[in-house]
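Numbering of residues begins at 1 and proceeds along the displayed sequence. Computation of the quantities below employed the complete heavy-atom set of this structure, encompassing side-chain atoms and omitting hydrogens, waters and symmetry-equivalent molecules.
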Amino acid sequence: MQHYIKRYPVSLIIIATVIYLSFFRPPSTDLDSVPGIDKVVHICMYLGMSGMLWLEFLRAHRKEEKIPFGHAWIGAFLCPVLFSGAIELLQEYCTTYRGGDWLDFAANSTGALLASLIGYFLLSKWVR
């Protein structure tokens with residue numbers, strides 16, 4: 001466990017923040033009237049989480065001759081998508097003030113996919 005804490009400290013903080021943001025009761029603001037702002041927030045949360053996972057993974061493996069990109073796709077794309085699905089199900093069935101939404105799940109997956117494409121095509125070349 002300490003291995004992951006040392007290699008992925010910022011990612012773990014972002015994951016904890018996403019968990020908190022997923023379950024707290026948000027206050028009403030003027031932004032509630034903006035259509036689609038919720039989906040933009042979901043894309044940004046998972047873009048940040050998946051992007052940081054890619055960045056820290058590539059940083060941890062930068063000295064290796066061959067980076068195991070299969071592990072990166074599993075850890076920085078598939079795991080955040082499954083994580084977001086679990087969060088949406090928990091919101092639907094374990095809270096009374098939040099509801100799971102398929103469009104939220106799609107926005108989460110979009111954010112993780114965008115971060116993974118950026119990580120694979122841009123960050124991997126930048127880290128090397």
Linked, directly or transitively: Phe121 and Ile67 (ILVMFWY side chains, under 4.5 Å):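 In one cluster: yes.
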Any residue meeting side-chain contact (heavy atoms from CB on, under 4.5 Å) with [X], in chain and number order, not counting sequence neighbours:
X      : value
Phe24  : Tyr20, Leu21, Pro26, Pro27
Asp30  : none
Asp101 : Lys39, Glu88, Leu103, Asp104
Thr29  : Leu31, Asp32

Pairs where residues 28-47 contributes a residue and the test ring-ring contact (aromatic ring centres under 6.0 Å, His included) is met, not counting sequence neighbours: none
Output a table of donor-acceptor pairs, distance under 3.5 Å, between side-chain atoms of residues 3-18 and any protein atom two or more places apart or on a different chain; print 'none' if there are none.
residue, atom, partner, partner atom, Å
Ser11, OG, Met52, O, 3.4
Ser11, OG, Leu53, N, 3.4
Ser11, OG, Glu56, OE1, 2.6
Thr17, OG1, Ile13, O, 2.8

Backbone of Thr95 reached by a side-chain donor or acceptor of Arg98 within 3.5 Å: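 Checked: no pair found.
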Enumerate, atom names and distances included, each donor-acceptor pair closer than 3.5 Å involving a side-chain atom of residues 69-87, sequence neighbours excluded.
residue, atom, partner, partner atom, Å
Ser84, OG, Val81, O, 2.8

Gap between atom CD1 of Ile43 and atom CG of Asp38 - 0.5 Å precision: 10.0 Å
From Leu117 atom CG to Ser50 atom OG, the distance as rounded to the nearest 0.5 Å: 9.5 Å
ILVMFWY clustering at 4.5 Å (side-chain atoms), partners of Tyr93: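 Grouped by the 4.5 Å side-chain rule, Leu89 form the rest of the cluster around Tyr93.
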Just list the side-chain donor-acceptor pairs under 3.5 Å for residues 109-116, sequence neighbours left out, or say none.
residue, atom, partner, partner atom, Å
Ser109, OG, Phe105, O, 3.0
Thr110, OG1, Ala106, O, 2.7
Ser116, OG, Trp54, NE1, 3.0
Ser116, OG, Ala112, O, 2.9

